**Q** 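Structure in structure tokens, see below.
Model, not experiment: these values are computed from the prediction.
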Amino acid sequence: MAMAMAMASRTTSTILSTLLLFTMMHFDISPATAFYLPGSYPHRYLPGEALAAKVNSLTSASSKLPFPYYSLPFCSPQGGVNRAAESLGELLLGDRIETSPYRFSMLTNSSTVFLCRTDPVSPAAADLIRSRIDDAYHVNLLLDTLPVVRYVSNPIAPDVLLRSTGFPVGVRADDGEYYVYNHLRLTVLVNKQKNGTARVETLMATVDGSELIGLSAGGGGAGGYTVVGFEVVPCSVEHDEAAIGGKKMYDGFPSKAAAGCDPSVVGMRVQANRPLAFSYEVAFVESAVAWPSRWDAYLEMGGAQVHWFSILNSIVVVAFLAAIVLVILLRTVRRDLAQYEELGGEAAAPHADDIAGWKLVAGDAFREPSHPVLLCVMVGDGVRILGMGVVTILFAALGFMSPASRGALVTGMLCFYLVLGLAAGYTAVRLWKTVRHGEAAGWKAVAWRASVLFPGIGFSVFTALNCVLWYNGSTGAVPFALFVVLIMLWFFVSVPLTLAGGLLASRARGHVEYPVKTNKIARQVPAAQCSPWVLVAVAGTLPFGTLFIELFFIMSSLWLGRVYYVFGFLLVVLGLLVAVCAEVSVVLTYMGLCVEDWRWWWRSFFASGSVAAYILGYAVYYLVFDLHSLSGPVSAALYVGYSLLMALAVMLATGAVGLGASFWFVYYLFSTVKLD
């Protein structure tokens, strides 16, 4: 409820800020060129104002277990370590943002600054540091919500710089010794607000109307500086014991690092019973990058041509299948219907061979499928998952999920999934009434199972993996308090909304009337030369061909730490996927009816839902050939568990699309048939 009220208040502030912007334009007040998205509140620092960097969890591309920053013997801030306020999505993603000892003053360059000299490192701590270095763990600093960026030369093309967020804990040298990066050369890029410009800043992330406008009339005030970049060059430096002796935190001292910070030269070796000394330096550089564009460097993705190729390839597949469906509807079906009407009644007997096919199964086409409750539940869950995906991707494509708001995407997905429980219950019970010819008896069991089937499977897998993370001390483990909150959200938000949707469907007047009556005795299905399930399995290749390129980028983002923010492409691909699933299911349903097989319900669901098997196969391929550096059985278990959940969710969503399209096709097909 509190979350819903917060979302409503944000919406209200957005409307007010927009109206205020138009009002000031009406009175000839020039607005600023920048328009900020939700969650993007700009903080302007005055010269000399303090800045504080924060630290996030230690992460690795080869190990999927994030660990707390202070699990290693790093320097702690003077006032102690404090946790930053984190959203639900951040906690689910394993982020643990904490305060750090790195402190700066705006526009104040600092040479070598002493941080601390740790206690002698115990043998266990030394082994832990070596293990983190072997697993390529990275330190993630944050300044004004911007992750620190490190630039390294491309080994293939030395003139090309590769950008990555964070920096390694240390490095293993050619001699087999381990060295820790104990000195950081930090660069803060800042942008100065121009004077003499009237500004109207629409800050939709705030609630208080007084914070919506920031004006600086002509010539008044410098306006401060905004942080638009944060870069690091890590070094391993052997500090002179005499130089750091008696130094306190933030004292300056002469160091070898002042002469030059070269990451290729190492000096601070990891040894048991030996202390580590940490230091840093910082420089401020004015940048022409405007504050609204500061995330462009992080979200820049190459390979736009690949995305366009994927879309064009999908459009060709959609057009090809659409042509087949049009031929079926406009030529074959109409011709068969005309022939069926001409041979109807008494004239049909001598021409029974001419009307073989789908015309003969009119009395069985709408016969109740096997396991109807399970089918209705799976379709209801599929509608919920599809709706969650469409709404989330749409909001992300429109920019309402700013990257500055860490975890906003996961939080949005969870909220939309909870709310769409209403759609899941309504769809499941509505389909149940349709299958039962308008009878609503038993709708409570259908709605209840719709509220616990997929959430129950997902929560079971999530709990098992979370226990593994708990055991290994990873920050990826959800805290117990949040675990209880998730259970409460499930049973006190999701389940009631699903039951409410089922109640609405059960009390809705009218239902879908079948165009033909169902025979009391089921028609025998002729023996087929080829199992229809073979065609169902093959049919999944077409939807998979529509999304496999985007699937590669999504998998790289999830498991290799790469950036994925082209939600516009993803939204188009999702629309094409829905179209392909509908067309494939319709074609296979028609082919089954033509061989007098009236058992189309489950077949239409899996005709499009079989794409999940190919996604699972691709996940195995990706694990073997692209994630060959994945270390440890725990990381493999996380990958397999979440891949299975992803495949199941895709099967339910695409299966619901296929069954819905096939149902309306069969309904249209037999709505024009006249029986004696």
**Q** Let me confirm one number: the OG-CG distance from Ser131 to Leu128, rounded to the nearest 0.5 Å.
**A** 6.5 Å

**Q** Strictly distance-based, threshold 3.5 Å: is any side-chain N or O of Ser122 a donor or acceptor partner for the main-chain N or O of Ala125?
**A** yes

**Q** Going from CZ on Arg96 to CG on Leu91, what distance comes out if it is rounded to the nearest 0.5 angstrom?
**A** 5.0 Å

**Q** Suppose the criterion is salt bridge (Lys or Arg N to Asp or Glu O under 4.0 Å): which pairs have a residue in residues 110-121, not counting sequence neighbours?
**A** Arg117-Glu241

**Q** Quick check: do Val55 and Asn140 have side-chain heavy atoms less than 4.5 Å from each other?
**A** no

**Q** Just to verify, what does Ser62 make a side-chain hydrogen bond (donor to acceptor under 3.5 Å, both in side chains) with, not counting sequence neighbours?
**A** Ser60

**Q** Checking the side chain of Arg294 only, and the main-chain atoms of Val227 only, is there a donor and an acceptor separated by less than 3.5 Å?
**A** yes

**Q** Run the side-chain contact (heavy atoms from CB on, under 4.5 Å) check on Ser236 and Met268 step by step: do they pass?
**A** CA-CA 5 Å; Ser236 180; Met268 190 74 247; 3.5 Å; yes

**Q** Just grab all the disulfide (SG to SG under 2.5 Å) pairs involving residues 158-191, residues at least two apart or on different chains.
**A** none

**Q** Rounded to the nearest 0.5 Å, how far apart are CG of Leu141 and CD of Glu231?
**A** 13.5 Å

**Q** Has the side chain of Thr59 got a donor or acceptor atom that lies under 3.5 Å from a matching backbone atom of Pro66?
**A** no

**Q** With disulfide (SG to SG under 2.5 Å) as the rule and sequence neighbours excluded, what pairs involving residues 48-85 come up?
**A** Cys75-Cys116

**Q** Could you report the tightest heavy-atom contact between Phe114 and Lys248, atom names first, then the distance?
**A** CD2-O, 3.4 Å

**Q** Taking Asn191 for the side chain and Tyr225 for the main chain, is one N or O donor matched with an acceptor at less than 3.5 Å?
**A** no

**Q** Mind checking the OG1-NZ spacing from Thr112 to Lys247? Nearest 0.5 Å is all I need.
**A** 11.0 Å

**Q** Taking the six-membered ring of Phe167 (Phe, Tyr or Trp), confirm whether the NZ or CZ of Arg150 is under 6.0 Å from its centre and within 45° of its axis.
**A** no

**Q** Is Tyr250 reaching over with its side chain to a backbone N or O of Arg103, donor-acceptor style, under 3.5 angstrom?
**A** no

**Q** Give a yes or no answer on whether the side chain of Thr392 reaches the backbone of Gly389 with a donor-acceptor pair at less than 3.5 Å.
**A** no

**Q** I'd like to know if the side chain of Tyr298 reaches the main chain of Pro147, judged simply by a donor and an acceptor atom lying under 3.5 Å from each other, with no hydrogens or angles considered.
**A** yes

**Q** Where the side chain of Ser643 meets the backbone of Tyr639, is there a donor-acceptor pair that is under 3.5 Å apart?
**A** yes

**Q** Tell me the salt bridge (Lys or Arg N to Asp or Glu O under 4.0 Å) pairs involving residues 169-180, sequence neighbours left out?
**A** Glu177-Arg269

**Q** Mind telling me whether Trp559 and Tyr642 have parallel, tilted or perpendicular rings, with 30° and 60° as the class edges?
**A** tilted

**Q** Under 3.5 Å, is there a donor-acceptor pair between the His183 and Ser279 side chains?
**A** yes

**Q** Per the ring-ring contact (aromatic ring centres under 6.0 Å, His included) rule, what does the pair list look like for residues 71-92, sequence neighbours excluded?
**A** Tyr69-Phe74, Phe74-Phe278

**Q** side-chain contact (heavy atoms from CB on, under 4.5 Å) for Tyr178 and Val266? Distances and angles first, verdict last.
**A** CA-CA 9 Å; Tyr178 292 83; Val266 292; over 6 Å; no

**Q** Restricting to non-hydrogen atoms, name the atom on Met106 and the atom on Leu46 that form the minimum distance, rounded to 0.1 Å.
**A** CB-O, 3.4 Å

**Q** If I take atom CG from residue Asp144 and atom NE2 from residue His43, how far apart are they, to the nearest 0.5 angstrom?
**A** 7.5 Å

**Q** Could you walk me through whether Leu276 and Ile129 pass the side-chain contact (heavy atoms from CB on, under 4.5 Å) check?
**A** CA-CA 12 Å; Leu276 299 174; Ile129 295 175; 4.1 Å; yes

**Q** Aromatic contact between Phe284 and Tyr45, with the criterion being ring centroids under 6.0 Å apart: yes or no?
**A** no

**Q** How about Leu189 and Val289: do any of their side-chain heavy atoms sit closer than 4.5 Å?
**A** no

**Q** Which residues pass the side-chain hydrogen bond (donor to acceptor under 3.5 Å, both in side chains) test with Ser474, not counting sequence neighbours?
**A** none

**Q** Arg130: which residues meet the salt bridge (charged side-chain N to carboxylate O under 4.0 Å, His left out) condition with it, sequence neighbours left out?
**A** Asp127

**Q** Distance check, rounded to the nearest 0.5 Å: Met401 atom CE versus Phe395 atom CZ?
**A** 7.0 Å

**Q** Quick one: list whatever passes side-chain hydrogen bond (donor to acceptor under 3.5 Å, both in side chains) with Ser57, sequence neighbours left out.
**A** Thr475

**Q** Would you please name every residue forming a side-chain hydrogen bond (donor to acceptor under 3.5 Å, both in side chains) with Tyr622, sequence neighbours left out?
**A** Ser556

**Q** Strictly distance-based, threshold 3.5 Å: is any side-chain N or O of Asn273 a donor or acceptor partner for the main-chain N or O of Pro120?
**A** no

**Q** Ignoring hydrogens, what is the shortest heavy-atom contact between Thr411 and Leu88? Give both atom names and the distance.
**A** OG1-C, 3.9 Å

**Q** Should the ring pair Phe480 and Phe483 be called parallel, tilted or perpendicular, given that the plane angle runs from 0 to 90° and is split at 30 and 60?
**A** parallel

**Q** Got a donor-acceptor contact below 3.5 angstrom from the Asn466 side chain to the Val478 backbone?
**A** yes

**Q** Could you name each residue pair satisfying salt bridge (Lys or Arg N to Asp or Glu O under 4.0 Å) that touches residues 66-84, not counting sequence neighbours?
**A** Arg83-Glu86

**Q** Holding to salt bridge (charged side-chain N to carboxylate O under 4.0 Å, His left out), I want the full list of residues that pass it with Asp95, two or more places apart in sequence or in another chain.
**A** Arg406

